[in-house]
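Take a look at the structure set out below.
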2 protein chains.
Amino acid sequence: MKHEPFNESIEMYLKTACELAVGDAPVAISALAGRLGVSAVSATEMVHRLQESGLVDHQPYKGITLTEDGRHQAAAVIRSHRLWECFLVDHLKLPWDEAHEWSCRLEHATDPQVTDALEVYLGYPLTCPHGSPIPTPDGTIVEPADQPLTTLLPGQSAVIARIYPETAELLSYLSDLGLTTGTRIILKERAPFHGPLVLLVGEDIRYLGGEGAAQIFINQVEDAS
Amino acid sequence: MKHEPFNESIEMYLKTACELAVGDAPVAISALAGRLGVSAVSATEMVHRLQESGLVDHQPYKGITLTEDGRHQAAAVIRSHRLWECFLVDHLKLPWDEAHEWSCRLEHATDPQVTDALEVYLGYPLTCPHGSPIPTPDGTIVEPADQPLTTLLPGQSAVIARIYPETAELLSYLSDLGLTTGTRIILKERAPFHGPLVLLVGEDIRYLGGEGAAQIFINQVEDAS
DNA sequence: CTGTATTTTCAGGTTAACCTGATCTTACAG
DNA sequence: CTGTAAGATCAGGTTAACCTGAAAATACAG
């Protein structure tokens, strides 16, 4: 089996670059390398290849930005990833926290036509089960209108809107705590210096470390009664 | 992205070996190589690797047979392939002939848990849209009870039960002719020496080359009125 | 039982995506 | 405005899965 244009690595780089990008700021190669679990040298090598192919723009010592083409391809991968997550969770009834990892493999094996048909089948969902928006076929990704859990004040309540970035460990942990998207929580108190949060989830008290809290986004903030 | 145990090639070899096997007869390496579009040398190399891993039994100058382990893994790949085909055709309403190629990519990216959930979701289909049986989770594959179209006599009618082996070109061609699984046909006449068949499909006359006919299997044979 | 075609092996080569270690270049903070 | 950490590059190495060309081993048919 000759491995035709071997997209998978390329797609992972583009996807990761897209996910790490905030606004127009270039993404550091070291950040890319870190997230992909690859050495800085390897990442630099690959970035050169991507540059050759016109998928990224590399400003030495600054970082990379995706070209139109690159952003488009990245969005396509993210799109299929999130749609598969919807399918796995909503239709196949597979666990909320494991769907992410499984979709990480499916996302590279999905033809755009399949992705589009899947979207229709699912009824054009707006977000994945973890709250992240689903890119449109033309590559636009709407900015989520939520705020970090770290901005919630003691005595307030809110609904978990999104987990980002999605990591297998955190999703599994949150799943165990019952802290899935759509869950309303009340912040009882917060230790300073990124210490743990004390949350009321239904009838239960949950303690959540600051690192995890930084990856949780909320909306529908209210003063708890 | 480090490419962890890189299954894809291995899976293709195992799957192909399984598909080429008839009974207990060993599969020639050249046959494997031919089907995979790879040189005999490369196939031999890979067969050695598979032997090391205990997936395959290689008798020099005879061919290979799958070990229990190998057969099991092959069945898992075929299983996910055919279940995906069901999903793509029956649920996503994607074209009957293109589903095969798309499933060829998905099959390697599917966790067994996902495969099993998919089977439940689809309602335990017995065959893929092209008529091939879906292996059970434990790796058994039921022998189809159909016969080659080449055994049909002029004046008889039958229902297309299965296309095998599935190749993109043939499926696309048959799709254009309306010769999909489940279609009842009547054999008007047959030229000798594997010449073309003259078929009545509904109201239409179709001519089908002998090579194509060899990949079509039928059942429900009746004498046409 | 020999000859030819198939199989296998050997030698040597390629590519993509990784790696480490060492060196060079640049940004920016004090 | 200089020193140091972060970033980039160079050199050299690995692995899996391919390749071609050529030589050796074997099967089996006439």
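Chain identifiers are assigned alphabetically (A, B, ...) following the order of the sequence lines, protein sequences preceding nucleic acid strands; residue numbering begins at 1 within each chain. The basis for the numbers below is simple: all heavy atoms, side chains too, and nothing from hydrogens, waters or symmetry mates. The structure presented is a predicted model; accordingly, all values stated were derived computationally and were not measured.
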- Query: Does a nitrogen or oxygen in the side chain of B/T44 sit under 4.0 Å from OP1 or OP2 of C/dT9?
  - Reply: no
- Message: By the 4.0 Å heavy-atom rule, please label B/S42 as base, sugar-phosphate, or nothing.
- Response: base
- Item | 5′-ward residue of the pair A/M46/B/G63 relative to DNA chain C | B/G63
- Taking only the side-chain nitrogens and oxygens of B/H58, find out if one of them lies under 4.0 Å from OP1 or OP2 of C/dT7. no
- Task: For the pair A/H130 and A/H100, name the ring-plane relationship: parallel under 30°, tilted 30 to 60°, perpendicular over 60°.
- Result: perpendicular
- Item | A/I10 CD1 to C/dT15 C1', straight-line distance once rounded to whole Å | 13 Å
- Query: B/E52 has an atom CD; how far is it from atom C1' of D/dA16, in whole Å?
  - Reply: 15 Å
- Message: Quick check for you: to the nearest 0.5 Å, what is the distance between A/W84 atom CH2 and B/T110 atom OG1?
- Response: 8.0 Å
- Any idea how A/Y121 and B/F87 line up, ring-wise: parallel (<30°), tilted (30 to 60°), or perpendicular (>60°)? perpendicular
- Task: Output yes when a side-chain donor or acceptor of B/Q51 lies under 3.5 Å from a complementary backbone atom of B/H58, and no otherwise.
- Result: yes
- Compare all side-chain heavy atoms of B/L50 with those of B/I64 and state whether any distance is below 4.5 angstrom. no
- Query: So, is A/Y61 near the phosphate of C/dC24, with a side-chain N or O under 4.0 Å from OP1 or OP2?
  - Reply: no
- Which whole-number value in Å describes the distance from B/E8 CD to D/dA17 P? 11 Å
- Item | Distance in angstrom units between B/Q59 CD and D/dT26 C1', rounded | 14 Å
- Query: Under 4.0 Å: is that the gap between some side-chain N or O of B/S39 and OP1 or OP2 of D/dC18?
  - Reply: no
- Query: Within the pair A/R49 and C/dA16, is there a side-chain N or O less than 4.0 Å away from OP1 or OP2?
  - Reply: no
- Message: Just N and O in the side chain of B/S30: are any of them under 4.0 Å from OP1 or OP2 of C/dT7?
- Response: yes
- Nearest whole angstrom, please: distance from the P of D/dA16 to the CG of B/L50. 13 Å
- Message: Checking contacts here: which listed nucleotide (C/dT9, C/dC18, D/dC10) is nearest the side-chain heavy atoms of A/V41?
- Response: D/dC10
- Note on the structure: 5'-most contact on DNA chain D (nearest-nucleotide basis), A/E45 vs A/K62, goes to A/K62
- A/Q51 CD to D/dA8 C1', straight-line distance once rounded to whole Å: 13 Å
- Please give, in whole Å, the distance from D/dA16 P to B/H48 NE2? 15 Å
- Item | Interatomic distance where CG belongs to A/L14 and P belongs to C/dA17 [whole Å] | 12 Å
